[in-house]
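Worksheet: one structure, shown below.
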2 protein chains.
Amino acid sequence: MSDASYDRSRCSVAGTLAVVGEKWSLLLLREAFLGVRRFADFQQALGAPKAVLTDRLATLVQEGILRKEPYQADGSRQRHEYRLTSKGRDLYPTLVALMQWGDRHLADGPPPLALVHADCGAPVRVALVCDDGHEVAGPRDVRPHAGTPTG
Amino acid sequence: MSDASYDRSRCSVAGTLAVVGEKWSLLLLREAFLGVRRFADFQQALGAPKAVLTDRLATLVQEGILRKEPYQADGSRQRHEYRLTSKGRDLYPTLVALMQWGDRHLADGPPPLALVHADCGAPVRVALVCDDGHEVAGPRDVRPHAGTPTG
DNA sequence: ATGCTGGGTTCACTTGACGAACTCAGTAGG
DNA sequence: CCTACTGAGTTCGTCAAGTGAACCCAGCAT
């Protein structure tokens, strides 16, 4: 994927999905945000086929979203683990937005996971804000504004 | 999809992706947010195969994200168009988050589309905030906090 | 040398995406 | 009435992607 699919001209959503839109990629990143770093742990948490995980991890490393770091445990040989880069960490709001929608609209009970601000303990959510500091309610309060047209 | 795939127990990201995670779904919604409502216009904007669009639109209607509304133009027979429901509009922050990441990390130039606050004209972005009003910088300032454990 | 473990690769099979061709309802023109 | 046209699909053959089980390999322990 990565460049062949989708058309990025209308906006960057397509570009982002070309990088993280394949099956399992975003779930893999969710696990990464929850602290998972090793192949076997990703596999156990997700239940995805190994071949797919191998492929997705390689893609994410190649895209600079994860990076391989060597480590070694107890009496085992040296291996590597997968860690988020800052580019990867920038996907956090996207994951939280997906989670928040699911919590609100698919709930069979209380949300399975809540996020709280480490400093103050208050619940964390995603919001749309403008640079003048107003909170924006939704798409109706936003005007899209095309930049340079399709090149 | 919709229920067979993924495991929703760890958090709602999987649930949301089960609904909108198939290829073209989120791009279709992007177009909906840009004002597209008719089958042929979705097809032209996206270039996706008709069979896939038919399927994705039906899924989104079934999930209550889009709704079919009758309309008729000039001297044509009555048809229906697809419009966002409030459940669908709640996906706006997710789309903006995806777009923002692409703008930041995939840029070959200026972003193809900018969003401005209709009231004040200032640029709009997604942010993580806590209920005490602090802006949260990233995953490191957030503690996950499991609710009811895996059923 | 034998077995165990983490991190893969290979392979047969099923599911999903693709694009071209076909369908069908209604409207317009002749 | 017959024909052509349009929007919104459906059908179909082909190709790509995801799935699950089996296999591989390095190194540590026995």
Side-chain angles (χ1 to χ4, degrees), chain A residues 1-7 14 17-29 31-32 35-63 66-83, chain B residues 1-7 14 17-29 31-32 35-63 66-83:
Chain A
M1 208 182 227
S2 253
D3 33 303
S5 303
Y6 298 121
D7 165 23
L17 289 175
V19 175
V20 297
E22 287 170 300
K23 203 170 180 187
W24 300 108
S25 295
L26 285 166
L27 292 173
L28 214 155
L29 289 168
E31 295 304 321
V36 171
R37 294 204 251 264
R38 311 223 281 246
F39 190 95
D41 295 337
F42 283 115
Q43 209 210 334
Q44 204 207 326
L46 298 175
K50 296 170 110 186
V52 175
L53 286 182
T54 305
D55 182 87
R56 289 313 105 92
L57 287 166
T59 301
L60 292 171
V61 168
Q62 201 188 316
E63 295 290 342
L66 297 177
R67 113 186 84 94
K68 278 169 133 168
E69 290 272 297
Y71 79 97
Q72 79 206 66
D74 56 305
S76 298
R77 93 179 118 151
Q78 172 157 308
R79 295 189 166 280
H80 53 267
E81 55 188 13
Y82 298 90
R83 293 166 147 265
Chain B
M1 211 184 226
S2 251
D3 32 303
S5 303
Y6 298 122
D7 166 22
L17 289 175
V19 175
V20 298
E22 288 171 299
K23 201 171 181 187
W24 300 108
S25 295
L26 285 166
L27 292 173
L28 215 154
L29 289 169
E31 295 303 322
V36 172
R37 294 203 252 265
R38 311 222 283 245
F39 190 94
D41 295 337
F42 283 115
Q43 208 210 333
Q44 203 206 326
L46 298 175
K50 296 170 108 188
V52 176
L53 287 182
T54 305
D55 183 85
R56 290 312 105 91
L57 286 166
T59 301
L60 293 170
V61 168
Q62 201 188 318
E63 295 290 343
L66 297 177
R67 116 186 81 94
K68 278 170 134 167
E69 288 272 296
Y71 79 96
Q72 81 207 66
D74 55 306
S76 298
R77 92 179 119 148
Q78 172 156 309
R79 294 188 166 282
H80 53 265
E81 55 187 14
Y82 298 90
R83 294 168 145 264

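So you know, we letter chains A, B, ... as the sequences are listed, proteins then strands, and number each from 1. The basis for the numbers below is simple: all heavy atoms, side chains too, and nothing from hydrogens, waters or symmetry mates.
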Q: Give me the residues of residues 37-49 of chain B where at least one heavy atom lies under 4.0 Å from an atom of DNA chain D, by number, or none.
A: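 Close to the strand are B:F39, B:A40.
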Q: Applying side chain to side chain donor-acceptor pair (under 3.5 Å), name anything that partners A:R83, two or more places apart in sequence or on another chain.
A: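 Here the qualifying residues are A:E81.
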**Q.** Side-chain heavy atoms of A:L28 within contact of A:V36, under 4.5 Å
**A.**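 They are not in contact (no side-chain heavy atoms under 4.5 Å apart), so the answer is no.
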Q: Kindly indicate whether the side chain of B:K23, heavy atoms from C-beta on, has any atom under 4.5 Å from the side chain of B:V52.
A: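 No; the side chains remain at least 4.5 Å from each other.
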Between [atom2] on [N] and [atom1] on [X], what's the gap in Å once rounded to a whole number?
| X | N | atom1 | atom2 | result |
| --- | --- | --- | --- | --- |
| A:R56 | C:dG7 | CZ | P | 19 Å |
| B:K23 | D:dC15 | NZ | C1' | 12 Å |
| A:K68 | C:dG7 | NZ | P | 11 Å |
| A:E22 | D:dT19 | CD | C1' | 15 Å |
| A:L57 | C:dG8 | CG | P | 8 Å |
| B:L53 | D:dT10 | CG | C1' | 14 Å |

Q: Report the stems of DNA chain C as range-with-range entries sorted by first number; a stem here is at least three consecutive pairs, Watson-Crick or G-U wobble, both distances under 3.5 Å, and write none if there are none.
A: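 Listed by first number, the stems are C:1-30 with D:1-30.
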Could you measure the distance from the [atom1] atom of [X] to the [atom2] atom of [Y]? Nearest 0.5 Å is fine.
| X | Y | atom1 | atom2 | result |
| --- | --- | --- | --- | --- |
| B:F39 | B:R79 | CZ | CZ | 11.0 Å |
| A:L17 | B:W24 | CG | CH2 | 10.0 Å |
| A:L60 | A:E22 | CG | CD | 9.0 Å |

Q: For A:Y82, enumerate each residue passing the ring pair (Phe, Tyr, Trp, His ring centres under 6.0 Å) test, keeping only those at least two apart in sequence or located in another chain.
A: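 With sequence neighbours excluded, A:Y82 shows a ring pair (Phe, Tyr, Trp, His ring centres under 6.0 Å) to A:H80, given in chain and number order.
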Q. Between A:Y71 and A:R38, do the side chains contain an N or O donor and an N or O acceptor separated by less than 3.5 Å?
A.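 Short answer, yes.
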Report yes if a side-chain nitrogen or oxygen of [X] is closer than 4.0 Å to either non-bridging phosphate oxygen (OP1 or OP2) of [N]; otherwise report no.
| X | N | answer |
| --- | --- | --- |
| B:Y82 | D:dG9 | yes |
| B:H80 | D:dG9 | yes |
| A:W24 | D:dT19 | yes |

Q | For B:R67, all residues meeting salt bridge (charged side-chain N to carboxylate O under 4.0 Å, His left out), sequence neighbours excluded | A |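 Expected list: B:E69.
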Q: Of all the heavy-atom pairs spanning A:Q43 and A:L53, show the shortest one and how long it is.
A: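 Nearest pair, atom of A:Q43 first, then A:L53: CA-CD1, 3.4 Å.
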Q.
Walk along nucleotides 21-30 of chain D from 5' to 3' and tag each nucleotide B, S or - by protein heavy-atom contact under 4.0 Å, base first, then sugar-phosphate.
A. -----BSS--
Q.
So does B:G21 get a backbone contact from the side chain of B:S25, meaning a donor-acceptor N/O pair under 3.5 Å?
A.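 Between the backbone of B:G21 and the side chain of B:S25 there is no qualifying donor-acceptor contact (under 3.5 Å).
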